[in-house]
Amino acid sequence: MTELKDKKAIIASRIREARKMAGLSQAQVAKILGLHRPSVSEIEAGNRNASAEEIAKLAEIFDVSVSWLLAEGVDKVDIHDSKIQLAARELQKLKPEDLDRLLILLASMRTGRDNL
Amino acid sequence: MITNISEFDIKFRKKSVINQKQELAQQASRKSGEIRKEANLDQKSPICIYNLCDKLKVKVRFVDISMEGMYLKEEEPQILLSALRPFTRRNFTCAHELGHHVFGHSSTIDELIKDSEKFKPFYPEEFLVDSFAGFLLMPTLGIRKAFTSRGWDVFSPTPLQIFTVACSFGVGYETLINHMTYALQILNTTKADLLLKFTPKSIREQVLGFSSPEPLIITDKYWSMPTLDAEVGSYILLPSKAEVTNETIIFQETHSQGCLFHANRPGIVRVYCPDIDWAVLIRISRYQFVGLSQYRHLEEPEDE
């Protein structure tokens, strides 16, 4: 039960994070999806479950993978993951906090491989 | 370390740097023309680099990461640009990263370039894509036309003329001078050095009559792009008698060269000047917008 609650909270926080990474406000997302703004706020607070259709639509407008949004993938990719087609020397160009943000972004991205 | 040197690097190290640069610049110029043609763009007009990326199916995302930009070679290629860099710098970096894409380079991160690091070592791949970005954004014919159509001498421009043309191509003042000097060879280095003694800040002060840290975009009737992109906080000098359709930009004052407006909020506004039959769509994004490029001009919906 707690595990389910935790997962629900992770999904809610990923929806919020993905929205911010896409550069959208809750009101803009609501308008795109044809919802009322409080509905988006409730989804992000974990008080309302998003339907499968809404999750798919959110993933599409945020340009993230459905699996990442549903907390089925890792929060951020490992620096040695083959998903990163960047040489280690390239990644060393970034400050640790910037690298962290990049690894989260890379984990969330829709690609031809993991697009659902 | 040998592992850090690509085959591309090894091949070109055998030639002299000058020959290499000439060859790479020609290659970059050719490729920029091909890409414009592929995207149904003419060979002289200023372009919106983000629209071009969209046409070429390369996604662009602005991030708050301290760097210049990044190219991710994926099945769905992406360009990441630092929102923390100046507005015109982002345009050039986007064209630079697009260069990595069209030349088939691997994923790469372009570090922050500080002024003290201008004279960095010669890397053929980087020179190639920098040249590509220059020719793509500032095509030879377009730059010449921008000066001649305004009745200005392209070989002896004033700082304000350079600034105005740089605005119309969406590039920085110094970027245009360097391109005209080293790539197009229109300006000699003496003239370039003289122009570089002026800064965008000093030119802004000369035009506005007051010192401002905010960017200024100068337009005139020769502005040929259907759009003008800016971010909240920027000043926009429009031709006199400019009429706007909403409050995305706010009128500030009448100016000797036109009407001064201030970018007020994200969104799109149509500007029309009935006396010269000139119109443009001004697209304003949030200051240092972070997100997908297609959302950068979305306005905030009104409260329900």
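Each chain gets a letter, A, B and so on, in the order its sequence line appears, and its residues count up from 1.
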Would you indicate whether B/K55, at its atom NZ, is surrounded by more than 12 heavy atoms from other residues, nucleotides or ligands within a distance under 6.0 Å? yes
Please determine whether side-chain contact (heavy atoms from CB on, under 4.5 Å) holds for the pair B/Q78 and A/L105, giving the CA-CA distance in whole Å, both sets of side-chain angles, and the decisive distance to 0.1 Å. CA-CA 12 Å; B/Q78 293 225 10; A/L105 183 64; over 6 Å; no
Sub-4.5 Å side-chain heavy-atom contact between B/D64 and A/R101: yes
In terms of heavy-atom contacts, A/A27 and B/P301 come closest through O-CG, 3.6 Å
Evaluation steps, side-chain contact (heavy atoms from CB on, under 4.5 Å), between A/L102 and B/M70: CA-CA 10 Å; A/L102 174 66; B/M70 190 180 300; 3.7 Å; yes
Just checking B/K59: does its NZ atom have more than 12 heavy atoms from other residues, nucleotides or ligands closer to it than 6.0 angstrom? yes
Correct closest heavy-atom pair for A/Q28 and B/E299 would be NE2-O, 3.3 Å
In terms of heavy-atom proximity below 4.5 Å to chain A, should B/R286 be classed as side chain, backbone, both, or neither? side chain
I need the B/I65 CD1 to A/L94 CG distance, nearest 0.5 Å. 6.5 Å
Test log, rule side-chain contact (heavy atoms from CB on, under 4.5 Å), inputs B/R61 and A/M21: CA-CA 9 Å; B/R61 192 188 276 266; A/M21 288 193 296; 3.8 Å; yes
Please answer whether the main-chain N or O of B/I109 pairs with a side-chain N or O of A/K93 as donor and acceptor at a distance below 3.5 Å. yes
Distance, nearest 0.5 Å, that separates CD1 of A/I32 from OH of B/Y295: 5.0 Å
Please classify the contact between B/Q294 and chain A as side chain, backbone, both or neither, with a heavy-atom cut-off of under 4.5 Å. neither
Could you tell me if the side chain of B/V290 sits less than 4.5 Å from the side chain of A/K20, heavy atoms only? no
CG of B/L80 to CG of A/L106: how many Å apart, nearest 0.5 Å? 7.5 Å
More than 12 foreign heavy atoms under 6.0 Å from CD of B/E300: is that the case here? yes
Rounded to the nearest 0.5 angstrom, the CE-CD distance for A/M109 and B/E74 is 7.5 Å
Just wondering, are more than 12 heavy atoms of other shown residues or ligands nearer than 6.0 Å to CD in A/E53? no
